[in-house]
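One structure below.
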Number of protein chains: 2
Amino acid sequence: MKEGPDIAQIGALIGDPARANMLAALTGGRALTATELAGVGGITVQTASTHLAKLEAGGLLAQRKQGRHRYFTLADEAVARLIESMMGFAAGRGHLRHQPGPKEPALRKARICYDHLAGDYGVRMLDSLIASGSIDAVGDGLSLTEKGENDLECIGIDVGDLRSSRRPLCRSCLDWSERRAHLAGSLGKALLSSFLDKGWARRTPESRSVLFTPEGDRQFLKLFPIDA
Amino acid sequence: MKEGPDIAQIGALIGDPARANMLAALTGGRALTATELAGVGGITVQTASTHLAKLEAGGLLAQRKQGRHRYFTLADEAVARLIESMMGFAAGRGHLRHQPGPKEPALRKARICYDHLAGDYGVRMLDSLIASGSIDAVGDGLSLTEKGENDLECIGIDVGDLRSSRRPLCRSCLDWSERRAHLAGSLGKALLSSFLDKGWARRTPESRSVLFTPEGDRQFLKLFPIDA
DNA sequence: TTCATACTTCGATCGTAACCGAAGCATCGC
DNA sequence: GCGATGCTTCGGTTACGATCGAAGTATGAA
């Protein structure tokens, strides 16, 4: 047999609880230090160090030295998509963590996925962009229409600038809590950044969740209406 | 931390080489016996038995007793999609198996993914269906148009029949070799079945690949043209 | 220079899970 | 009934990897 790519390797990398916790934490988009990651993994720094080395060797993580700190991030968006899709699958099988806890609703409403918006709000945003004709969905891919480009420029997003990067402009990413797609790619990132810049929302320090201010909430819902 | 679903569990399930090989083999869509799966995993039947029990407990496999045989299949299409997406990811990282081998091209051209067509031909089929207006792509989802329903009836697919099943009619499934979506869901299954019934193609006994006859090839390409 | 912090490497321990041989059920064919 | 086949369960071995204490390296601060 032995057909196709080797999935056992990455399965094993994700299969350790400490590593899985680290990866999940990094899906929050922030770069974290080895010590912080040891904390989320519930292990000592030594152990974390070996885990992180393995994850990096496996191509899941990237690191950046800064002074005496070493900041770890997910290697790229593909890793984030993989983690999210595995979370979606796990949620569907009932492989949930024990405590839903009070943070859960906030997480489902709006959270960071690598560098863009996920959760109910993330899905709503993409739906609205498609419904308004700003984004075309063809097959698996998404593409920005002329109308969309104009609309986005109006709210202060420089699409031309985004196009110049090598990263795809639009990407769909499967949302584990909603089980539907939200917008990833450089455009997804730019949109989230603009919400944060405008003060509509802020990131929480210790969690993936994104908190909208009452005013930000109002603006967001107005900007991305759902007609249904 | 401990946010979100538990991905370590399924990661660990996929993370064992023997289990990963079994799962990859089952993505071929055929139901396999424990003894056959032991073969693909390169282990004895006893060991395979415990592996299979774990996979079933984890919700990845389903089994069906038939006489003194026990046939295993992937639990559902979601598992197949997960495996395919992990393969796509692994391929992107260069985590390839050692031998590309002579079977590889056939596998990339057309293969089974659970119960529908994948590979170049699978992707081409979906692209063509969308281009011809038979399928609408909205966000992450796919939906059959009226035109599509008519066209399909013409080639002998009873769409009404398919609708009565609880399984979604159209689903997009990310293809690991093409890195684009192909058509899954009950419609994807029905289309593949019809090709096999018509004698356009046949499955190979020991591999996931689907071999098209010269005539079948001609018919397929005519039925699903690519204008580009 | 000296001390403190952040992290890695080394060495050793320990637990778990993969593995197989042998025995135990179940089902089929005769 | 009997033996053969397909699979599971049991018991015991083995190996790998997760873990941490302790020591080593790098960077920054005083």
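Note on naming: letters A, B, ... go to the chains in the order of the sequence lines (proteins, then strands), and numbering restarts at 1 for each one.
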Length of the line joining A/Lys54:NZ and D/dT19:C1', which is rounded to integer Å | 11 Å
Can you figure out which of D/dA26, D/dT8, D/dT19 approaches the side chain of A/Thr50 most closely?
-> D/dT19
Mind calculating the distance between CG (A/Leu55) and P (D/dA18) to the nearest angstrom?
-> 10 Å
Output the single nucleotide from D/dT19, D/dT8, C/dC19 whose closest atom is nearest the side chain of B/Ile43.
-> C/dC19
Starting at the 5' end of DNA chain D, which residue's closest nucleotide do you reach first, A/Gly67 or B/Val45?
-> B/Val45
Would you give the length of the straight line joining atom CG of B/Leu55 to atom CG of B/Leu37, rounded to the nearest 0.5 angstrom?
-> 9.5 Å
d(CD, A/Gln46; P, C/dT5) in whole Å | 16 Å
Output the single nucleotide from D/dG21, C/dA18, C/dA26 whose closest atom is nearest the side chain of B/Asp16.
-> C/dA18
Testing C/dA22, C/dC7, D/dA29 for proximity to the side chain of A/His69, the answer is C/dC7
Taking atom types as modelled, is there a side-chain donor on B/Gln46 or B/Thr44 under 3.5 Å from an acceptor on the other?
-> yes
Of D/dC20, D/dT8, C/dG21, the nucleotide closest to the side chain of B/Arg70 is D/dT8
Side-chain contact check for B/His51: nearest option of C/dT27, C/dC20, C/dA18 is C/dA18
Side chain of A/Phe72 (C-beta onward), nearest among D/dG17, C/dT8, C/dA18 = C/dT8
Measure from CG on A/Leu13 to P on D/dG17 and round the result to the nearest Å.
-> 11 Å
Flag the pair A/Leu144 / A/Leu152 as yes when at least one side-chain heavy-atom distance between them is below 4.5 Å, and no otherwise.
-> yes
Minimum-distance nucleotide (side-chain atoms of A/Arg19 versus D/dG28, D/dA18, C/dT9) = D/dA18
Could you go step by step and tell me if B/Lys198 and B/Glu215 meet the salt bridge (Lys or Arg N to Asp or Glu O under 4.0 Å) rule?
-> CA-CA 11 Å; B/Lys198 289 192 175 90; B/Glu215 172 64 10; over 6 Å; no
Considering heavy-atom distances to DNA chain C, does A/Gln63 or A/Arg68 have its closest nucleotide positioned more toward the 5' end?
-> A/Arg68
Return the value, rounded to whole Å, for the distance between atom NZ of B/Lys65 and atom P of C/dC25.
-> 14 Å
C/dT5 C1' sits how many Å from A/Glu36 CD, rounded?
-> 14 Å
To the nearest Å, how far apart are B/Ile14 CD1 and C/dA18 P?
-> 14 Å
Does B/Thr47 have a side-chain nitrogen or oxygen under 4.0 Å from the phosphate oxygens OP1 or OP2 of C/dC20?
-> yes
Tell me: CD of B/Glu56 to C1' of D/dT8, nearest whole Å?
-> 13 Å
List the steps and the verdict of salt bridge (Lys or Arg N to Asp or Glu O under 4.0 Å) for A/Asp175 and A/Arg108.
-> CA-CA 10 Å; A/Asp175 198 288; A/Arg108 285 183 182 272; over 6 Å; no
